[in-house]
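To keep things clear, I will list the structure first and then write my remarks on it.
Reminder, nothing fancy here: chain letters follow the sequence lines and each chain counts from 1. Hydrogens, waters and symmetry mates are skipped; everything else that's a heavy atom, side chains included, is used.
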2 protein chains.
Amino acid sequence: MSLRAAWVRGRSGVVTQLQYARQGIITGEMAFVAEREGLAPELIRDELAAGRLVIPANINHPELHPAAIGQAVTCKINANIGTSALSSGMDEELEKLRICLRYGADAVMDLSTGGEIIAIREAIVRHAPIPVGTVPIYEAMDGVDDVIALTADDLLAVIEGQAKQGVDFMTIHCGVLREFLPLVAPRLTKIVSRGGALMAQWMRHHDRQNPLYDRFDDILEICRRYDVTLSLGDGLRPGCLHDASDAAQFAELKVLGELTRRAWARDVQVMIEGPGHVPMDQIRQNVALQQEFCHGAPFYVLGPLVTDIAPGYDHITAAIGGALAALYGVAMICYVTPKEHLGLPNAEDVRQGIIATRIAAHAADLARGKSRERDDAMARARYAFDWEAQFALALDPDRARAYRAETLGLDCRTEYCSMCGPKFCSMRLSKALEGDGVTG
Amino acid sequence: MSLRAAWVRGRSGVVTQLQYARQGIITGEMAFVAEREGLAPELIRDELAAGRLVIPANINHPELHPAAIGQAVTCKINANIGTSALSSGMDEELEKLRICLRYGADAVMDLSTGGEIIAIREAIVRHAPIPVGTVPIYEAMDGVDDVIALTADDLLAVIEGQAKQGVDFMTIHCGVLREFLPLVAPRLTKIVSRGGALMAQWMRHHDRQNPLYDRFDDILEICRRYDVTLSLGDGLRPGCLHDASDAAQFAELKVLGELTRRAWARDVQVMIEGPGHVPMDQIRQNVALQQEFCHGAPFYVLGPLVTDIAPGYDHITAAIGGALAALYGVAMICYVTPKEHLGLPNAEDVRQGIIATRIAAHAADLARGKSRERDDAMARARYAFDWEAQFALALDPDRARAYRAETLGLDCRTEYCSMCGPKFCSMRLSKALEGDGVTG
């Protein structure tokens, strides 16, 4: 039996971490994340109870090693994997999951829209010791040619099916209200969220309100039963700098704030999804408004990308935005890969996206006063010319080793690298000074 | 005859852009950069006269298309190329220069320390329409086994030789004073600037002050004669987060401020080099102190890297730091390649370093209210599914095209990409809504 199975066994009725926290109970999950973060379990419990922290942990996901998402803990990163109609299958997705685990994704979203969606998700959940998220509308679309063919009951059935399967968090685009659609008219790229665009299409055709909004209480009932954490989707997020921080974006964000209170009233954990494409100077305001409108619920952003002109390098545009967002209080960053805007990422893209996002999250953690021990250990290893220690401390040991081998071979005993050569190696020179007692 | 040769012809005596600006004269160089930046020539002249902007433009570099570096203009990026004792020759370096020009480096430093140093530099200067910088101590070291064998006159002779050759800016480590050496004792990585470590070694052996400081007036005389812009080197920059913003770093920075005033008194243009490795929360203070201590002279930073644990990806750690630094007022960012800390960059590394740094500089320009036209054009091209326009607007058109081709082939007529496929393409859905008049 897995570690977590013992904690979950015997739970019935309301089973959410939020409810336990409010009752003053420290669950196995809370104790586990407290240990990982080096924090007191009471702090985790209290942050959870206040809604400022979530532990996405479906009771049907016993394979999970729980992780906490909130400002009180280290910034987390999510990696998106999944098939599309045009490419990728089970083996490729499990390989991507393996890469996510190897390079340190804290959570993974299975965004499959093609192939054996349910079977692929089952495999991912069963192999994932990290929280698994989904966007249920993608599976719902699998059976139909057009979103307008779906009923609210269809959507709820998919949500319930995924909850039963053990999905830990779900993106639901329930804040895209029909009255907000005219607000996107001035935009250059209109609606860029797939879920948002689908719900807009549905509302236009049926001339009715967003069914995910209308049936929000029913959705909460499902989430409550399995402890699915709601990730309230930003269906109206900006898709370019021009569209950032506009009326449509903030109208939806206010609704997400109302829905947050309704979820909390039902003991359902909530985080809020955010943009997207935002210039550097607007990131602080975006985080501040989310915290205000959504009462301190954890903010989970996609990027944000700080320029639109770098296709092929959007893992870097997103790392800049993500680092700033995390510095200002974002709790989780969704990775962006080099293939963003261009195609479906392959395994190497997943790796690059994860490392770029890890860098952003870690840089912000450091700036927020969280542990610098690993960085200091790296500095010591560099000064000691201890190449093996440098590789071991690197976010991507394989790449660091390969790059060094490319120019100097695999012999790591040399006390310099090919960038400077021995005569110009500042560290070798510094050691000579130190030996002379000049610099301590 | 080249464009600039006509401007330079007939100049004699004091020939620096700074002196002309102070006399109220708008040179051909000033008019050229004003046109490029879309600013009034008078503004360029006045910023130059105030020392807040430089135009590195040696009178012996007629091939130059001048560029301005300062807060009033767009943020510039520098790429380092050059041989080491262990690798790379003339052909590789010219190939790197070609890549610098293709991917948009605004300046290039030839940091060669091995091979035919003078011949390689000659080839680079003659082929570079962008400003060329050097670190003269590297060439000086070529003739000797140890820095202690060099005299002050040796160093001056190299500086003069390079000035004659047409080098536009030079890094001189004249702020590393002997009395500062004990200040590096608490550091984990001591002195990481190669020039700084060499001068420290020289001072320790000879038990005398830094000869570049002692002979600063003679250096100014050379710079003044050829209009070489001084890039006052930060020989005591921190080499890891632990060492950032320490007494050694700021003691040297204060000296650089004094030297700035002395250079200005002789009509010599000056910029100040900066770190290095700095946590995100200390970047603003670093820029503010440099501006205060150095009287508004342009700040030219290397990175800064915001974490130490990402060897293999330091172009990304530097892009985060560089974007923040530029947002706070840095005028030029030196690129960092993925090979930093591991080996000498090859052509592909140079390309990656340039694009990452361009992203950082551009993101900061956008946040400082500079033109967003290209970003908006990209957004329009995306919404129009105009893939050719997207490639043309991209910082790296070749990579964007290759990535798209990897998943969808070279046919760019499809109105979706393999990430979403046609059914989930939010832009396709948005167009349908727009056609219906729902979203304008």
For [Y], does its backbone N or O pair with a side-chain atom of [X] as donor and acceptor, under 3.5 Å?
X	Y	result
B:Ser426	A:Val192	yes
A:Asp308	B:Met378	no
A:Ser430	B:Lys190	no

Checklist line | Interchain contact, A:Val278 with chain B, by part (heavy-atom threshold 4.5 Å) | finding: neither
Note to self: If I measure from the heavy atoms of chain B, does A:Leu305 come under 4.5 Å with its side chain, its backbone, both, or neither?
What the structure shows: neither
Please classify the contact of [X] with chain A as side chain, backbone, both or neither, using a heavy-atom distance under 4.5 Å.
X	value
B:Asp142	backbone
B:His362	side chain
B:Arg374	both
B:Ile283	neither
B:Leu393	backbone
B:His315	side chain

Any side-chain heavy atom of [X] within less than 4.5 Å of one from [Y]?
X	Y	result
A:Glu406	B:Asn346	yes
A:Val306	B:Leu366	no
B:Pro338	A:Tyr403	yes
B:Leu433	A:Ile191	yes
A:Thr189	B:Met427	yes
A:Arg382	B:Leu188	no
B:Tyr313	A:Leu395	no

Taking [options] one by one, which has the highest count of heavy-atom pairs under 4.5 Å against chain B?
options	value
A:Asp145, A:Leu183, A:Asp243, A:Leu241	A:Leu241
A:Gly195, A:Ala200, A:Gly196, A:Ala323	A:Ala323
A:Leu429, A:Asp281, A:Ile309, A:Ile320	A:Ile309
A:Gly322, A:Gly239, A:Ala367	A:Ala367
A:Arg380, A:Arg187, A:Arg372	A:Arg372

So which residue, [options], ends up with the most heavy-atom pairs under 4.5 Å with chain A?
options	value
B:Asp349, B:Asp146, B:Leu324	B:Leu324
B:Ala319, B:Ala381, B:Gly369	B:Ala319
B:Pro279, B:Cys240, B:Ala379	B:Ala379

Checklist line | Partners passing salt bridge (charged side-chain N to carboxylate O under 4.0 Å, His left out) against B:Arg178 (at least two apart in sequence or in another chain) | finding: B:Asp207
Note to self: So, taking the atom named OG1 in A:Thr317 and the one named CD1 in B:Ile359, what distance separates them when rounded to the nearest 0.5 Å?
What the structure shows: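 That separation rounds to 6.0 Å.
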Check: Roughly how far apart are B:Arg404 CZ and A:Lys339 NZ, rounded to 0.5 Å?
Finding: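 Here the interatomic distance stands at 12.5 Å.
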Item checked: Exercise: identify the closest heavy-atom pair between B:Ala400 and A:Pro311 ->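 Of all heavy-atom pairs spanning B:Ala400 and A:Pro311, the closest is CB-O, 3.9 Å.
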Next item on the list: Under the side-chain contact (heavy atoms from CB on, under 4.5 Å) rule, what do B:Trp387 and A:Leu342 come out as? Steps first, then yes or no, please.
Entry: CA-CA 10 Å; B:Trp387 289 96; A:Leu342 297 168; 4.1 Å; yes
Check: Would one find more than 12 heavy atoms of other residues, nucleotides or ligands at under 6.0 Å from atom CD of A:Glu373?
Finding: no
